[in-house]
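Each remark here refers to the structure printed beneath this line.
Positions are given from 1, in the same order as the sequence printed here. Hydrogens, waters and symmetry mates play no part in the numbers below; they use all other heavy atoms, side chains included.
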Amino acid sequence: MVSSSDAGTILTILAIVSSICPALTEETSSTLRLVHVLYRHGDRSPISDYPNEDLTNIWPKGFGQLTKVGMQQQYELGKYLRKRYNGFLNTSFHTDEVVVRSTDKDRTLMSAYSNLAGFFYPSSEDVWNPDIPWQPIPVHTVPRMDDNLLYMESNCPKYMKLYENFQKSKRFKELIDDYKDLIKLVSDKSGATGDIESVTSVYDNLFCKRAHNFTLPSWASDDVMLKLKALEMIKMKNYFYTPSMQLLKGA
């Protein structure tokens with residue numbers, strides 16, 4: 001759920017102490033004290049292009065940005081979360097009930113604001129402009145390289161050494177051995193440099209295009225896309241492959 005590059009947003013609900021199971025007796029009833037909801041950003045444009053890409057300027061907001069689809073996804077998620085926790089919250093935003101923190105990236109901050117637009121739809125007392133059915137809700141963040149809670153990309157020499165050593169290990173070579181032909185094909189066709197990071201970056205680009213109904217190049221068949229997806233999963237697991245890497249990376 002959480003990638004190494006952008007974990008997204010954490011919504012902390014410091015809810016009113018209320019019964020979550022009215023059927024229970026007063027002596028045994030459970031209470032909702034605290035909820036952490038961790039969610040990622042919505043649909044986005046690709047992180048980057050690739051050298052041999054034959055389409056340009058198809059992402060009007062630029063690379064790695066939240067799309068209108070992503071905004072709607074987050075808005076709907078916000079409405080769902082409001083419905084789920086509605087009995088424990090006031091209809092209006094209160095700083096002692098809800099705290100929101102996001103990674104310091106455009107798409108995650110925009111996702112948080114879109115989510116909150118659905119979560120806290122303004123009631124009559126919150127309307128500040130009758131033409132804008134929205135109210136500002138604070139979203140907290142810290143610079144990416146200082147974020148040891150969500151972003152997890154701060155400089156850690158020990159982790160980088162472990163990761164580099166794993167990339168040179170026999171086990172890593174075994175994991176990608178079945179994908180050598182795929183890596184060569186995609187590298188030759190796309191201009192990628194032939195390593196797992198560059199090839200999976202091409203997959204990200206193709207995946208986003210397909211999600212927005214763009215025609216993919218002929219070499220990006222369904223079979224190639226399935227294999228690239230599997231390679232993407234291997235890449236993600238490689239970030240946290242050993243217990244020491246897991247500990248330092250926050251998995």
Side-chain angles (χ1 to χ4, degrees), residues 1-22 30-47 58-144 147 149-152 204 207-213:
M1 181 177 182
V2 182
S3 80
S4 64
S5 59
D6 44 84
T9 306
I10 185 167
L11 170 72
T12 301
I13 301 174
L14 310 171
I16 302 170
V17 178
S18 306
S19 172
I20 61 172
C21 186
S30 298
T31 55
L32 179 63
R33 307 276 184 172
L34 174 69
V35 175
H36 291 302
V37 181
L38 182 66
Y39 57 90
R40 289 201 61 188
H41 55 76
D43 178 78
R44 59 161 172 78
S45 57
I47 298 299
I58 60 176
W59 307 105
K61 301 297 184 182
F63 290 116
Q65 298 299 312
L66 194 70
T67 66
K68 291 181 180 179
V69 173
M71 296 173 195
Q72 186 65 37
Q73 290 171 337
Q74 287 295 334
Y75 182 75
E76 294 299 328
L77 177 60
K79 291 199 298 183
Y80 166 79
L81 292 172
R82 159 54 73 175
K83 182 178 179 181
R84 180 175 178 84
Y85 297 108
N86 194 47
F88 306 103
L89 298 168
N90 285 295
T91 56
S92 299
F93 170 75
H94 286 261
T95 58
D96 57 348
E97 287 186 354
V98 174
V99 177
V100 183
R101 176 165 165 177
S102 169
T103 49
D104 187 25
K105 282 197 172 184
D106 291 352
R107 59 179 173 269
T108 52
L109 288 163
M110 292 171 69
S111 290
Y113 291 126
S114 299
N115 188 294
L116 289 166
F119 196 98
F120 282 110
Y121 193 87
S123 59
S124 57
E125 64 184 54
D126 297 315
V127 174
W128 58 278
N129 185 325
D131 297 325
I132 305 177
W134 169 84
Q135 59 179 317
I137 306 295
V139 176
H140 303 274
T141 190
V142 297
R144 276 178 281 177
D147 191 347
L149 176 65
L150 293 175
Y151 188 64
M152 298 309 296
D204 173 79
F207 176 87
C208 292
K209 285 178 183 169
R210 187 167 65 176
H212 287 263
N213 298 316

**Request:** Report the residue from Asp147, Thr108, Val142 that forms a side chain to side chain contact (heavy atoms under 4.5 Å, CB included) with Ser102.
**Result:** Thr108
**Message:** Check this for me: Phe207, atom CZ, are more than 12 non-hydrogen atoms of other residues, nucleotides or ligands nearer than 6.0 Å?
**Reply:** no
**Prompt:** Does Arg82 use its side chain to pair, donor to acceptor, with the backbone of Phe119 at less than 3.5 Å?
**Reply:** yes
**Where Leu66 and Arg107 come nearest, the two heavy atoms and their spacing** = N-CB, 3.8 Å
**Prompt:** Is there a donor-acceptor pair closer than 3.5 Å between any side-chain N or O of Thr141 and the backbone N or O of Asp104?
**Reply:** yes
**Message:** I'd like to check Val35 versus Phe88 (side-chain heavy atoms, cut-off strictly below 4.5 Å). Are they in contact?
**Reply:** no
**Request:** Evaluate salt bridge (charged side-chain N to carboxylate O under 4.0 Å, His left out) for Asp204 paired with Arg44, printing each intermediate quantity in order.
**Result:** CA-CA 10 Å; Asp204 173 79; Arg44 59 161 172 78; 2.6 Å; yes
**Over all atoms of both residues, closest heavy-atom pair of Leu116 and Val139** = CD1-CG2, 3.6 Å
**Request:** Determine the minimum heavy-atom distance between Ser45 and Trp59, stating which atoms define it.
**Result:** CB-CE3, 3.6 Å
**Prompt:** Is a side-chain donor or acceptor of Gln73 paired with a backbone partner of Asp43 at a separation under 3.5 angstrom?
**Reply:** yes
**Message:** With a 4.5 Å cut-off on side-chain heavy atoms, are Thr67 and His212 touching?
**Reply:** yes
**Message:** Using side-chain heavy atoms (C-beta onward) and a distance below 4.5 Å, is Lys61 in contact with Asp106?
**Reply:** no
**Nearest atoms (heavy-atom pairs only) where Phe93 meets Ile137** = CB-CD1, 3.5 Å
**Request:** Report the distance from atom CE of Met110 to atom CD of Gln65, rounding to the nearest 0.5 Å.
**Result:** 6.5 Å
**Prompt:** So, for Pro136 and Trp128, which heavy atoms are closest and what is the spacing to 0.1 Å?
**Reply:** CD-NE1, 3.8 Å
**Request:** Might you work through the side chain to side chain contact (heavy atoms under 4.5 Å, CB included) test for Tyr75 and Met71, ending with a clear yes or no?
**Result:** CA-CA 6 Å; Tyr75 182 75; Met71 296 173 195; over 6 Å; no
**Message:** If I take atom CZ from residue Arg84 and atom CG from residue Leu89, how far apart are they, to the nearest 0.5 angstrom?
**Reply:** 12.5 Å
**Prompt:** Does a side-chain heavy-atom distance below 4.5 Å link Leu38 with Leu150?
**Reply:** yes
**Prompt:** If you look at every heavy atom in Pro138 and Val100, which pair is closest and at what distance?
**Reply:** O-CB, 4.0 Å
**Message:** Quick one, Gln74 with Tyr39, criterion side chain to side chain contact (heavy atoms under 4.5 Å, CB included). Give me CA distance, side-chain angles, the key distance, then yes/no.
**Reply:** CA-CA 9 Å; Gln74 287 295 334; Tyr39 57 90; 3.3 Å; yes
**Message:** Heavy-atom count check: over 12 atoms from other residues, nucleotides or ligands less than 6.0 Å from Phe63 CZ?
**Reply:** yes
**Prompt:** So, the side chain of Gln72 versus the backbone of Ser114: is there a donor-acceptor pair under 3.5 Å, distance only?
**Reply:** no
**Message:** The test is side chain to side chain contact (heavy atoms under 4.5 Å, CB included); show your working for Phe120 and Asp126 and say whether it passes.
**Reply:** CA-CA 10 Å; Phe120 282 110; Asp126 297 315; over 6 Å; no
